[in-house]
Amino acid sequence: MKLYSLSVLYKGDPKAVLLKAAYDVSSFSFFQRSSVQEFMTFTSQLIVERSGKGSRASVKEQEYLCHVYVRSDSLAGVVIADSEYPSRVAFTLLEKVLDEFSKQVDRIDWPVGSPATIQYTGLDDHLSKYQNPREADPMSKVQAELDETKIILHNTMESLLERGEKLDDLVSKSEVLGTQSKAFYKTARKQNSCCAIM
């Protein structure tokens with residue numbers, strides 16, 4: 001699970017304007033990094049332009065997922081991640097980033113802003129923090145713990161069933177032993193009663 005890009009954009013009338021972005025392209029070769037970063041910026045702008053206000057969507061491109069959230073006030077966020085990254089965590093991240101951004105940056109600056117003029121520094125921290133969704137998102141952490149507990153309970157139930165089968169075998173053997181011991185007891189009484197008469 002990996003996050004590659006986290007962007008904040010303004011959905012303008014004809015085009016989307018990139019306000020701030022953070023990238024993690026360390027998994028790509030050095031010579032590809034600038035091209036990949038440009039492509040992520042282009043893709044983010046294109047997805048925001050084609051999304052309606054007040055909408056959330058996930059767009060799949062090969063092994064990558066682009067999660068977009070466009071608020072009703074035209075502020076938008078895009079996360080580009082691999083296909084294994086949980087969608088719920090990505091949208092939680094987008095909502096959190098857009099809330100912080102709208103509190104720190106004046107709304108007047110959104111339509112005319114650019115990455116150089118917008119003073120918001122939280123994207124890099126969020127991008128690094130949310131690389132591991134289980135650590136960053138409490139719900140994912142709880143879900144992972146529940147999954148582990150479920151596996152442990154499943155294994156415990158299997159061992160109990162195996163133990164139950166073994167107990168059933170012992171009970172059936174004891175029943176056979178019980179009937180054999182009763183027969184032995186009766187035979188022994190007959191033999192002993194025979195000896196007592198003499």
Side-chain angles (χ1 to χ4, degrees), residues 1-13 15-141:
M1 289 184 271
K2 183 149 180 71
L3 287 177
Y4 297 103
S5 168
L6 175 58
S7 309
V8 177
L9 300 98
Y10 177 75
K11 182 178 172 61
D13 195 15
K15 286 193 163 195
V17 179
L18 179 68
L19 299 176
K20 210 68 173 171
Y23 303 97
D24 183 0
V25 290
S26 59
S27 59
F28 298 96
S29 77
F30 180 76
F31 298 107
Q32 291 179 326
R33 290 178 184 174
S34 62
S35 301
V36 169
Q37 191 168 324
E38 287 175 14
F39 184 74
M40 287 183 192
T41 303
F42 171 75
T43 304
S44 298
Q45 287 175 321
L46 186 67
I47 290 172
V48 169
E49 289 170 7
R50 294 186 180 182
S51 298
K53 291 182 180 178
S55 67
R56 294 173 192 238
S58 294
V59 179
K60 184 169 176 60
E61 176 59 36
Q62 295 175 3
E63 69 266 14
Y64 304 106
L65 268 175
C66 303
H67 305 282
V68 61
Y69 174 37
V70 182
R71 297 190 338 179
S72 56
D73 60 0
S74 297
L75 192 62
V78 177
V79 166
I80 299 177
D82 61 4
S83 57
E84 295 176 4
Y85 200 85
S87 298
R88 191 190 58 74
V89 179
F91 286 116
T92 301
L93 170 62
L94 285 173
E95 195 168 326
K96 185 176 186 176
V97 165
L98 293 179
D99 284 344
E100 280 182 15
F101 187 87
S102 63
K103 289 175 185 171
Q104 293 181 16
V105 178
D106 288 333
R107 192 176 182 150
I108 310 164
D109 297 332
W110 297 354
V112 294
S114 70
T117 60
I118 299 293
Q119 299 299 316
Y120 177 69
T121 58
L123 288 183
D124 289 317
D125 293 337
H126 287 301
L127 188 66
S128 63
K129 179 182 176 188
Y130 275 81
Q131 286 297 337
N132 185 356
R134 289 188 180 130
E135 295 300 319
D137 184 50
M139 289 294 284
S140 293
K141 191 173 186 179

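Values below: all heavy atoms of this structure, side chains included; hydrogens, waters and symmetry mates excluded. The first residue in the sequence is number 1, and the count goes up from there.
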Original post:
At their closest point, which heavy atom of His67 faces which heavy atom of Ala90, and how far apart are they?
Top reply: CD2-CB, 3.5 Å

**OP:** Give a yes or no on whether the backbone of Tyr85 and the side-chain of Asp82 come within a donor-acceptor separation of less than 3.5 Å.
**Re:** yes

Subject >> Reported CG-to-CG distance for the pair Leu127 and Asp24, which is rounded to 0.5 angstrom >> reply: 5.5 Å

Original post:
Taking side chain as C-beta onward, heavy atoms only, is Leu65 less than 4.5 Å from Ile80?
Top reply: no

Original post:
Quick one: does NZ or CZ of Arg33 land under 6.0 Å from the six-membered ring centre of Phe28, within 45 degrees of the ring axis?
Top reply: no

**OP:** Would you give the length of the straight line joining atom NZ of Lys20 to atom OG1 of Thr117, rounded to the nearest 0.5 angstrom?
**Re:** 8.0 Å

Original post:
How close do Cys66 and Ile47 get, heavy atom to heavy atom, and via which atoms?
Top reply: CB-CD1, 3.4 Å

Original post:
Where the side chain of Lys129 meets the backbone of Gln131, is there a donor-acceptor pair that is under 3.5 Å apart?
Top reply: no

Original post:
Is the backbone N or O of Lys15 less than 3.5 Å from a side-chain atom of Glu49, with the two atoms forming a donor-acceptor pair by type?
Top reply: no

**OP:** Identify the residue among Lys103, Gln104, Glu100 that makes a side-chain hydrogen bond (donor to acceptor under 3.5 Å, both in side chains) with Tyr120.
**Re:** Glu100

**OP:** Apply side chain to side chain contact (heavy atoms under 4.5 Å, CB included) to the pair Lys2 and Glu84, showing each step before the final yes or no.
**Re:** CA-CA 8 Å; Lys2 183 149 180 71; Glu84 295 176 4; over 6 Å; no

Subject >> Minimum heavy-atom distance between Ser51 and Val70, given as atom pair plus value >> reply: CB-CG2, 3.9 Å

**OP:** Take Val78 and Leu9 through the test side chain to side chain contact (heavy atoms under 4.5 Å, CB included) and record every step on the way to the result.
**Re:** CA-CA 8 Å; Val78 177; Leu9 300 98; 3.9 Å; yes

Original post:
For Leu93 and Val79, what are the C-alpha separation, side-chain angles and deciding distance, and is it a side chain to side chain contact (heavy atoms under 4.5 Å, CB included)?
Top reply: CA-CA 9 Å; Leu93 170 62; Val79 166; 4.0 Å; yes

**OP:** Just do the side chain to side chain contact (heavy atoms under 4.5 Å, CB included) check on Lys11 and Lys53 with the steps written out, would you?
**Re:** CA-CA 8 Å; Lys11 182 178 172 61; Lys53 291 182 180 178; 4.3 Å; yes

**OP:** Looking only at non-hydrogen atoms, find the nearest pair between Tyr4 and Met40 and report the distance.
**Re:** CB-CE, 3.4 Å

Original post:
Given Tyr23 and Thr41, is the side-chain hydrogen bond (donor to acceptor under 3.5 Å, both in side chains) satisfied, shown in steps?
Top reply: CA-CA 10 Å; Tyr23 303 97; Thr41 303; 2.4 Å; yes

Subject >> Test side chain to side chain contact (heavy atoms under 4.5 Å, CB included) applied to Leu75 and Leu98, Asp99, Val97, the passing residue >> reply: Leu98

**OP:** Starting at OG1 of Thr43, measure out to CD of Glu61 and round the result to the nearest 0.5 Å.
**Re:** 7.5 Å

Original post:
If you take all heavy atoms of Val68 and Phe91, which pair is closest and at what distance?
Top reply: O-CE2, 3.3 Å

Original post:
Which pair of heavy atoms, one from Gly77 and one from Leu94, lies closest together, and at what distance?
Top reply: C-CD2, 3.4 Å

Original post:
Any side-chain heavy-atom pair from Ser102 and Arg71 closer than 4.5 angstrom?
Top reply: yes

Original post:
Below 4.5 Å, heavy atoms only, C-beta onward: do Leu18 and Ser44 meet side chain to side chain?
Top reply: no

